[in-house]
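Below is one structure, written out as structure tokens, with a few remarks after it.
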Protein chains: 2
Amino acid sequence: MADADAIEILKRKKLKHTKQRIRVLEDFLANATAISQPMLEKKLGKEIDRVTLYRILNTYVNKGILHRIVDLNGTANYAICSSACSADQHHDEHVHFNCTNCYKVYCLATKVPAISITDGFKADSISLIAYGICKECN
Amino acid sequence: MADADAIEILKRKKLKHTKQRIRVLEDFLANATAISQPMLEKKLGKEIDRVTLYRILNTYVNKGILHRIVDLNGTANYAICSSACSADQHHDEHVHFNCTNCYKVYCLATKVPAISITDGFKADSISLIAYGICKECN
DNA sequence: AGATAGATGCAATTCAATTGCATTAATATT
DNA sequence: AATATTAATGCAATTGAATTGCATCTATCT
């Protein structure tokens, strides 16, 4: 069952495994696609309080379980990290696609290319988002 | 004077040159750096109504005068486009840097590398944002 | 089982952004 | 130059995402 996977991840990250955290994590494990907070909230209904959901998502981002993608509207979207991600560093980042029509965010297979950063700036992570029309809207 | 430049640009884009539009455009011409809507609003004080400012910024993005960079917080930042930008296409895009400490957005000299997009997706523009500690905060 | 540290839920609040509508200003027309 | 037309502005109200404080509850540790 998916429960086991979720609990396993929480243990590894030294997080208490509450009903709510398991519920959210399971959802991400079941769907490889990115989802926005508002959509996730709608999906969960009254299972989890809005504030709790925000806090869980933040915790997961900080622990390297989820990555956050801010879309065109400035709304946070979340997707599960590759196993290589840790609390300190988010590795192996891929390109995201943000549809200008339906606003959905996709994780593409394309990896973010290495870039050179101007002297004096210290980059921790890089986000590459392509904007356009997605497969579904085409 | 800067006024002339701003009016020239507005003419070229077939936009009415109102006092407010000139004021905003001048500001961007004088400062090559990106600025957020809230900061710009604070800077302008009561010179321009908040809603008008939002509308001017949107118009400028649509006409290819400014480009919009959504930062970590989901807040819109704006910077002047290269001369190559048009209403239809934003060309010649460069890498942006978003400081995780002061939240400022910088336009770096580095160009966004070409990437291959998964079949079925049609990318119109690409945004590459590096997150980390900026020159000032270091 | 009891202690304790941390997570949750609720109410209230902040802050960015948008909408509707009346007013005003800029261009076009005569 | 005055008027008509079209678009931009300003104000009030509203939406929607995200955050904070605080009381309550729950998972882990002893």
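Just so it is clear, the structure is predicted and the values come from calculations on it, not from any experiment. Chain identifiers are assigned alphabetically (A, B, ...) following the order of the sequence lines, protein sequences preceding nucleic acid strands; residue numbering begins at 1 within each chain.
Rounded to an integer number of Å, the gap from A:N73 CG to C:dT18 P is 8 Å. Whole-Å rounding puts the A:R50 CZ to D:dA17 C1' distance at 8 Å. Regarding B:L72, its CG atom lies at a distance of 17 Å from the C1' atom of C:dC15, rounded to whole Å. As a whole-Å value, the separation of A:I22 CD1 from C:dT8 C1' is 14 Å. Rounded to an integer number of Å, the gap from A:Y54 OH to C:dT14 P is 17 Å. In this structure, A:L57 places its CG atom 11 Å from C1' of D:dA18, rounding to the nearest Å. Going from atom CD1 of B:I48 over to atom C1' of D:dT9 covers 10 Å, rounded to whole Å. Atom-to-atom, CZ of A:R68 to P of D:dA17 comes out at 15 Å; the value is rounded to the nearest Å.
Note on A:Q20: every side-chain N or O is 4.0 Å or more away from OP1 and OP2 of C:dA7. Within the 4.0 Å cut-off from OP1 or OP2 of C:dG9, at least one side-chain nitrogen or oxygen of A:T52 is found. The side chain of B:N58 contributes no N or O atom lying less than 4.0 Å from OP1 or OP2 of C:dA17.
Minimum interatomic distance between A:L128 and A:P113 (heavy atoms only, all atoms of both residues): CD1-CD, 3.8 Å. Shown here for A:I7 and A:H17, the closest heavy-atom pair between the two residues is CG2-CD2, 4.1 Å.
In the helix from C:dA1-D:dT30 to C:dT30-D:dA1, the rotation axis of the first five pairs and that of the last five pairs differ in direction by 30°, rounded to 10 degrees.
Using cut-offs of 30° and 60° on the angle between ring planes, the pair A:F28 and A:Y78 is perpendicular.
One finds no salt bridge joining B:K111 and B:E93 here, because no Lys/Arg side-chain nitrogen approaches an Asp/Glu carboxylate oxygen to under 4.0 Å. Using a 4.0 Å cut-off between charged side-chain N and carboxylate O, A:K104 and A:E136 make no salt bridge.
For the residue pair B:N98 and B:D71, no side-chain donor N or O sits within less than 3.5 Å of a side-chain acceptor on the partner.
Proximity of A:T75 to A:P38: side-chain heavy atoms (C-beta onward) are separated by under 4.5 Å at one or more points. Taking the side chain as every heavy atom from C-beta outward, A:D5 and A:L25 never approach each other to under 4.5 Å.
Two rings, from A:Y106 and B:F121, have their centers less than 6.0 Å apart.
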**Footprint string (nucleotides 19-30 of chain C, 5' to 3'): B base within contact, S backbone only, - free, heavy atoms under 4.0 Å** = BB-----BS---

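With C:dA17, D:dA18, D:dG10 as the choices, the nucleotide that has an atom nearest any side-chain atom of B:D49 turns out to be D:dG10.
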